[in-house]
Every structure is written in C-alpha cells, then in structure tokens.
Peer 1: 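Attaching a single structure in structure tokens format; questions to follow.
Each chain gets a letter, A, B and so on, in the order the sequences are listed, and its residues count up from 1.
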Protein chains: 2
Amino acid sequence: MPKPAHRRITIVDVARHAQVSTTAVSKVLRNAYGASPAMRAKVQQAIDELGYRPSAAARGLRGQTYTIGVMIPELRNLFFADILDGITAQLGDTAYQVLLAPGCNGEKEEARVIEAMIDRSMDGLVLIAPVSSRTRLNNVARSVPTVVVGRHGSSTAYDTVTDDDVAGAALVVEHLAGLGHRRIAHIEHHETDPVRLLEMPNAQRANGYRDAMREHGLADQIDIASTSYTHQGGYLGAKQLLSRDQRPTAIFAGADVVALGALEAISEAGLSVPGDVSVVGYDNSALAAFGPISLTSVDQDGRQMGANAARLLVDRIADRDRRTAHVKLSPTLVVRRTTAGPARAAAPRPAPDPAATRTPTDG
Amino acid sequence: MPKPAHRRITIVDVARHAQVSTTAVSKVLRNAYGASPAMRAKVQQAIDELGYRPSAAARGLRGQTYTIGVMIPELRNLFFADILDGITAQLGDTAYQVLLAPGCNGEKEEARVIEAMIDRSMDGLVLIAPVSSRTRLNNVARSVPTVVVGRHGSSTAYDTVTDDDVAGAALVVEHLAGLGHRRIAHIEHHETDPVRLLEMPNAQRANGYRDAMREHGLADQIDIASTSYTHQGGYLGAKQLLSRDQRPTAIFAGADVVALGALEAISEAGLSVPGDVSVVGYDNSALAAFGPISLTSVDQDGRQMGANAARLLVDRIADRDRRTAHVKLSPTLVVRRTTAGPARAAAPRPAPDPAATRTPTDG
DNA sequence: TGTGGCATGGGTAACGTTTTCCACGATGTT
DNA sequence: AACATCGTGGAAAACGTTACCCATGCCACA
C-alpha cells in the first residue's frame with residue numbers, strides 16, 4: 001500500500017466490527033447506563049482492535065468535549081504554573097484534557113480568549129486571576145461551568161479558590177515585628193477600581209498589611225509605596241521608601257519580582273540586606289528559593305489551589321445547579337536569608353542561618 | 001427578563017434574520033467565493049446584531065476549527081514562553097486561536113497530548129522540542145499539518161524551525177578562547193539514543209563544542225561532564241569538573257539553569273566567578289539577564305522561532321502538499337559578568353565582585 | 001435565436017456523535 | 001393469567017456547520 005491517507009475510524013466502524021449498534025458503542029464510551037458487562041467487553045475489544053478514538057468535535061455537537069480550558073494571564077509567572085500543575089494532577093485520571101489559552105493580559109484580550117474557549121464548547125473553564133468585570137464573569141459562568149482562582153469576592157454563579165492574602169500579609173508583619181522591626185513598609189500594586197480594590201489579591205495584601213500593623217500597635221508606622229507588581233515597580237517603590245526621613249528597617253513587597261526590584265534599589269543605595277533592611281516577598285517563586293537570592297517569602301501552595309479548582313469544576317460539570325463553593329487556603333511563611341532583626345535592635349545576636357535555607361540541589 | 005438560559009445563536013438564526021440561506025452565511029463567514037459585496041454587508045450586519053459566534057465543534061465536523069495546538073514540554077522554561085509569544089504574535093491578526101497542551105514531559109505523556117489535539121480536530125500542530133520517535137512524528141504530520149520546533153533533522157512530512165546549536169556552541173568557545181581560556185569544559189545533557197544524538201539540541205551543542213575546540217587547537221582540552229539539563233545537573237557537573245587534577249578555567253553549561261547550578265557549586269568550592277572560573281549559559285533566559293546573576297549566555301531569538309513556525313504552519317494548512325521547509329536561525333552571544341580572562345593570564349586584575357554572590361548589585 | 005460562460009444564491013447531504021424514545025423479553029406481582 | 005417493572009439493545013432524530021452541486025439570470029458572441 002502506498003499511502004491510504006487513513007480515513008479516521010468512527011463509531012460506525014466500531015459498531016459494525018462488534019456487530020452492535022452505534023448507540024451501544026456510545027453507551028460503552030460514556031460509561032452510560034444500559035449496557036451489559038458482556039456488551040461492554042465486546043465493544044471495548046472492538047475499540048482496542050481498531051484503535052478507535054472518539055472525535056471531540058462530533059461529541060461537542062451533542063454532549064461533552066471532555067476538555068477543560070484554563071486561562072492563564074502570564075505564562076512566565078511560576079506561581080501560575082504551580083496552579084496548573086495542581087489542575088492537571090487532579091485531572092490526571094479522569095477523561096478530561098486540559099488546554100491552555102495563552103496571551104491574555106488585559107481585559108480585551110481576556111474577553112477574546114474566554115469567547116474562544118466557549119466557542120470550542122469546552123466543558124468547563126478555570127480562570128486564573130481574571131481582570132474582567134464581575135458582570136462579565138457572571139455571564140460567562142452562566143453559559144459554562146466556571147471556577148475563578150486567585151480573586152476574592154464570592155459569586156453565586158461561579159466557584160472560587162483563593163489564598164488568604166490578608167492572612168499572608170499578617171504572617172509577614174508578625175514575622176518582622178517578632179524580629180523587632182517597627183518601621184515596616186509595604187510596596188503595593190496601585191489600584192483604583194472599587195471592585196478590584198475588594199477582589200484583587202494585591203489590594204487584599206495591602207489591607208492585610210494595614211490591619212496587621214494596627215494589631216501590633218504600629219498604626220502610626222504604616223507606610224505604603226504605591227507602584228506596580230513588577231521588577232521596576234519594586235525598584236521605584238523601594239527608592240521612594242528609602243528616601244523617607246526615617247527610612248524603613250523592613251520592606252514587605254507584594255510579590256517576589258517586586259522584592260527583587262527592591263533588592264536592587266537597596267543595594268544601589270549602598271545598604272545591605274538584611275543588615276540594614278529586611279525584605280520579604282510574596283509567592284515563594286523559584287526565584288525566591290534560588291540560593292544566592294534566598295528571599296523570605298509567603299508561600300501559597302499553588303498546586304493545592306489548582307487541585308481544588310479542578311475538583312470544584314468537575315463537581316459543577318456533574319451538577320450545574322449545586323450551590324457555589326468558595327475555598328480559601330492558608331498561606332505559610334518561608335523564612336530565608338533576607339530577613340533579620342533590625343540593626344539597632346538590642347540583642348546582639350549572631351545572625352543565625354534560618355532553618356528555611358535550602359541545600360543547593362533542591363533549589 | 002428573568003433568566004432565558006440563552007440557547008446559542010446559530011447560523012440558522014442569522015440566515016433567517018438576514019433573509020438569506022445558511023449557505024450564504026457560511027460563505028460570508030469563511031470569506032469564501034460566491035457572495036456579492038451586498039450580500040456580505042447584509043449578512044455581516046445580521047451577525048453583529050445577533051452577536052452570533054460560530055461553533056468550533058460544528059465547524060470541525062466538516063471544515064476547519066481555526067485552532068492551532070502547541071505542545072510545550074515545560075511551561076517553566078522561559079525560552080519556550082518566548083517561542084509561544086512569537087507564535088501568538090504572528091497569528092494575532094488571523095482567525096486562528098492558539099491552544100496549549102501542558103504537562104507533556106516524557107514520551108508517553110507527549111503521545112497522549114498529541115492524540116488529544118488530533119482528537120479535537122485542530123487545524124495544525126506546533127511541537128516544541130518533542131521527544132517522540134521520528135516515525136511517530138512522521139505519522140502525526142501525515143494526519144495533521146505539523147511544525148517541529150527546536151529539534152534538528154529534516155523530514156519530508158513536517159517543517160522544522162531550529163536554532164543553530166552548533167554555531168551557538170562555537171560562539172561560546174570562541175568568546176572564551178578569545179579571552180585567553182584554554183581549559184574550557186562543558187556540561188552536557190546525557191544522551192544515548194542514536195536518533196536523539198543527532199537531532200536534539202543538547203547533543204548538537206556538545207558536538208558544536210567539540211568541533212569548536214578542535215578548530216581552536218584545543219582538542220586535547222576537551223572535557224565534558226555528562227549530567228542533565230537541570231539545576232542539579234549543573235551543580236553535580238561543576239562539582240565533577242572542579243575536582244579534576246587540572247580544573248577548568250571556564251565552564252560552558254548547556255543551558256541557563258545548568259549554569260545556575262554550576263554557579264552554586266563554584267561558590268561552594270570557595271571559588272569566585274569570573275575570577276577563578278568563567279561560566280557561560282545557553283538560552284539567555286530572564287534569569288540570565290537578572291542583575292545579580294548577570295550570566296553570559298547564548299541567545300536564541302525564541303520569538304522569531306515562534307513566528308517562523310506559525311508562518312510555516314499557516315502556509316501548510318493552506319497547501320498541505322507543498323515541499324517541507326527547514327528554517328535554521330542563528331544565535332548570538334550576550335556577554336555579561338560571568339566571563340573574563342583566566343586568572344593566570346598576564347593582566348593582574350583586581351578580583352571584581354563576582355556576580356554569583358548573594359548581595360544584589362544592580363539592574 | 002441559440003449557446004456558453006460567469007456571477008450569484010440556495011437546497012441538501014454529509015460530518016460523527018449523543019440523546020430520546022421505543023421494542024422486546026424476562027422477571028416479579030397481584 | 002393478567003399486568004406492571006426492569007434490563008437490555010437499537011432506530012432515528014438531533015446538534016451546527018460546510019461541501020457539493022444545481023438553478024437562475026445576465027451578458028457576450030456567433
């Protein structure tokens with residue numbers, strides 16, 4: 001044979017080969033009710049012998065596509081990659097296939113991508129840190145099962161999975177205050193939109209910072225540089241903070257990249273870390289764990305968030321009318337080498353290597 | 001209106017609303033031949049008024065799905081993200097939507113993912129650094145237009161886009177030899193499979209290294225540590241190389257992560273970079289560019305590779321029988337602060353601040 | 001007045017699955 | 001014995017789009 005340009009095997013071929021109806025084959029494929037064990041075996045054998053694979057396009061026309069779409073705003077963000085790992089791990093033994101839609105930074109792009117996923121009749125959507133309006137999200141959720149990850153604010157249309165950013169910020173303040181710091185500053189991502197001010201993690205972190213400062217009797221020390229969650233934002237924010245009359249002894253950056261920018265500004269100012277200034281990040285990304293950087297950071301078990309999202313989504317696909325659920329996970333603080341007691345502190349402790357330092361190999 | 005639970009608008013609705021046939025609407029949708037400008041306008045208006053969006057599932061059953069699948073073996077690899085950016089940028093103004101399939105490290109996983117994409121009747125596939133056998137790739141390419149990125153070896157069934165890894169390795173050796181180095185060692189990703197030995201970039205880099213060393217009259221200095229392209233691989237490889245009787249004055253790591261591992265091993269051995277040992281990476285990832293690391297590295301324009309891949313794929317979708325094309329791009333070397341002349345060279349330079357120490361320096 | 005080509009529009013049969021409904025025999029119940 | 005029930009299997013109608021082919025009207029040309 002030269003090149004048969006194989007016509008794809010269809011359910012009809014399988015049915016003929018097993019000498020049953022296509023209905024029967026379909027039932028076996030979907031584990032549906034109404035097929036005896038004998039039938040199941042017979043059909044399964046035909047499927048295996050012919051190497052049959054169902055066409056998702058055809059399935060989508062009537063039933064499910066067994067496809068779950070995940071929207072990721074930024075592929076380079078390692079935290080998002082962790083979430084994705086959690087999703088795929090949770091979905092590993094199911095029939096669902098995960099597909100990612102890349103390149104959706106900005107509301108317009110995001111809308112386009114979500115539409116594209118709906119057009120492709122995906123069975124469910126996981127939206128990671130979406131920026132769309134609440135109304136829009138509700139509309140989306142009404143037309144397809146949806147789980148929103150990393151955005152606060154509960155809805156009756158979609159499930160959510162978040163990390164407790166307020167608690168994360170509190171962990172940071174607590175850690176620093178426990179080390180003896182009082183002038184603890186924060187670099188936040190500037191936000192004006194009133195809804196986002198409530199729902200976006202960055203705003204929650206800033207709120208958590210304020211609350212925790214007050215709780216530790218440091219209300220008068222609250223000092224926030226409002227820039228953006230970028231390397232440059234960290235650099236500029238730290239510069240701003242360091243130029244204060246009384247400069248902070250500790251900086252809580254709202255994200256790891258921000259902390260890296262801050263580190264550069266601090267070093268540029270001729271100061272040392274953690275000798276003169278302690279620095280804490282957020283996300284516990286691979287960068288934070290990297291030996292030479294060794295950044296104290298808040299860890300948000302991304303894998304578990306992803307796993308929860310996947311579980312909720314599969315549940316909702318099975319029962320579209322169940323009540324919405326809102327999972328909030330607790331972060332932990334990973335102490336590394338960018339935090340220590342303030343220079344002017346009483347106890348002249350020899351800076352001990354914190355327990356969280358890692359061997360070079362598990363970076 | 002309470003909650004209509006909107007039935008999706010179909011092509012029939014549009015046809016009725018515009019008072020034409022579904023065939024006409026379909027022609028307008030696909031920019032197909034046989035529709036007058038007047039017809040186009042009328043139908044387009046109906047589409048806009050009704051907010052109609054075609055169902056990809058239904059389309060896939062007869063024609064195209066306007067979906068392009070990209071297989072990425074490792075999301076965390078920033079170089080792959082660049083490639084993806086190039087693909088989406090090139091496809092930006094077309095009707096195609098890019099979808100990513102994650103979690104395909106390993107031959108088995110890769111096969112599963114590729115099958116999944118074919119099942120979903122994608123119009124074309126971009127496979128980034130696939131590990132499947134040549135036969136398998138050919139089979140895939142026979143059933144769907146395919147472009148393979150980052151794997152050498154030409155095929156008559158699929159197009160390829162690669163970076164010239166041999167040239168890249170030569171750039172490194174040239175740079176180091178130009179600085180006066182003679183003992184230039186290499187850390188490679190171990191490979192035994194004969195096909196991969198020819199086709200995989202890592203093998204090509206090792207070959208390029210050997211060739212370049214010979215060309216520079218350094219054949220007797222060839223020294224390779226065979227580990228893996230991971231952080232740990234770099235750490236162990238460097239440890240191995242540093243324990244040689246005559247230790248190398250320069251290490252060419254086959255990838256940036258490998259270089260980072262090597263940096264840790266070097267620092268652990270009490271040596272400085274680039275004072276005692278120069279280090280070069282490959283990929284010019286964001287990590288390499290990061291100020292405190294500032295790693296000299298080979299840059300492979302990932303965006304351009306992606307753009308080329310997308311262009312080739314769209315071409316092939318349009319004409320499945322055209323000859324296969326094989327694009328090979330040239331890398332460049334980005335010199336940063338991890339390379340300098342060898343310590344025993346003539347000039348008694350004061351040891352500069354090695355980039356690998358923890359204190360952040362600049363941007 | 002035919003004849004052929006071209007531009008335009010539509011009718012209809014796919015495409016491969018799932019869903020809905022019905023038939024049939026076996027079994028249990030009154 | 002008559003009647004409901006259950007378990008199993010199949011026929012046929014969707015699902016929304018595109019491909020294929022034909023009908024029509026118009027024009028140019030012999």
Peer 1: Glu107(B) and Arg196(B): salt bridge (charged side-chain N to carboxylate O under 4.0 Å, His left out), yes or no, with the steps?
Peer 2: CA-CA 13 Å; Glu107(B) 195 157 349; Arg196(B) 295 209 197 149; 3.7 Å; yes

Peer 1: Could you tell me which residues satisfy side chain to side chain contact (heavy atoms under 4.5 Å, CB included) with Ala129(B), sequence neighbours excluded, listed by chain and number?
Peer 2: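 Listed in chain order: Pro73(B), Phe80(B).
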
Peer 1: Return a single string for nucleotides 8-19 of chain C, one symbol per nucleotide in 5' to 3' order, where B is base contact, S is sugar-phosphate-only contact and - is none, cutoff 4.0 angstrom on heavy atoms.
Peer 2: BBBBB-BBBBBB

Peer 1: Please list all pairs passing the salt bridge (Lys or Arg N to Asp or Glu O under 4.0 Å) test where one or both residues lie in residues 57-75 of chain B, with sequence neighbours left out.
Peer 2: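 Applying salt bridge (Lys or Arg N to Asp or Glu O under 4.0 Å) to every pair that reaches into residues 57-75 of chain B, excluding sequence neighbours, yields Glu74(B)-Arg76(B).
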
Peer 1: Please identify each residue that fulfils side chain to side chain contact (heavy atoms under 4.5 Å, CB included) with Leu329(A), with sequence neighbours left out.
Peer 2: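 Partners of Leu329(A) by the side chain to side chain contact (heavy atoms under 4.5 Å, CB included) criterion, ordered by chain and then number, come out as Asp163(A), Gln304(A), Met305(A), Asn308(A), Val327(A).
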
Peer 1: Quick one: do Arg303(B) and Asp82(B) make a salt bridge, cutoff under 4.0 Å?
Peer 2: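 A salt bridge is absent here (no side-chain N lies under 4.0 Å from a carboxylate O).
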
Peer 1: Any chance you could measure Leu100(A), atom CG, to Ile72(B), atom CD1, to the nearest 0.5 Å?
Peer 2: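 Answer rounded to 0.5 Å: 9.0 Å.
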
Peer 1: Among residues 114-122 of chain B, which contact DNA chain C at a heavy-atom distance under 4.0 Å?
Peer 2: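 Here the set is empty: none.
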
Peer 1: Quick one: salt bridge (charged side-chain N to carboxylate O under 4.0 Å, His left out) partners of Glu110(A), sequence neighbours excluded?
Peer 2: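 With neighbours one apart ignored, the set is empty.
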
Peer 1: Does anything in residues 87-106 of chain B form a side-chain hydrogen bond (donor to acceptor under 3.5 Å, both in side chains)? List the pairs, not counting sequence neighbours.
Peer 2: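 Of all non-adjacent pairs touching residues 87-106 of chain B, those that pass side-chain hydrogen bond (donor to acceptor under 3.5 Å, both in side chains) are Gln64(B)-Tyr96(B).
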
Peer 1: When you list every nucleotide of DNA chain D with an atom under 4.0 Å from a heavy atom of chain A, which one comes first 5' to 3', and which comes last?
Peer 2: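 Under 4.0 Å from chain A, the extent on DNA chain D is dG7(D) to dG16(D).
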
Peer 1: Test of understanding: with salt bridge (charged side-chain N to carboxylate O under 4.0 Å, His left out), list the residues that count as partners of Asp301(B), not counting sequence neighbours.
Peer 2: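 Scan of Asp301(B) (salt bridge (charged side-chain N to carboxylate O under 4.0 Å, His left out), adjacent residues dropped) gives none.
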
Peer 1: Holding to salt bridge (charged side-chain N to carboxylate O under 4.0 Å, His left out), I want the full list of residues that pass it with Arg322(A), two or more places apart in sequence or in another chain.
Peer 2: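 With sequence neighbours excluded, Arg322(A) shows a salt bridge (charged side-chain N to carboxylate O under 4.0 Å, His left out) to Asp159(A), given in chain and number order.
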
Peer 1: Return the CG to CD1 distance between Leu137(B) and Ile114(B), rounded to the nearest 0.5 Å.
Peer 2: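 Rounded to the nearest 0.5 Å, the CG-CD1 separation comes out at 6.5 Å.
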
Peer 1: Taking the axis from the first five pairs and the axis from the last five, what angle separates them in the helix from dT1(C)-dA30(D) to dT30(C)-dA1(D), rounded to 10 degrees?
Peer 2: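 The end axes of the helix from dT1(C)-dA30(D) to dT30(C)-dA1(D) are about 50° apart, to the nearest 10°.
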
Peer 1: Just to verify, what does Asp123(B) make a salt bridge (charged side-chain N to carboxylate O under 4.0 Å, His left out) with, not counting sequence neighbours?
Peer 2: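 By the salt bridge (charged side-chain N to carboxylate O under 4.0 Å, His left out) rule, Asp123(B) matches no residue at all.
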
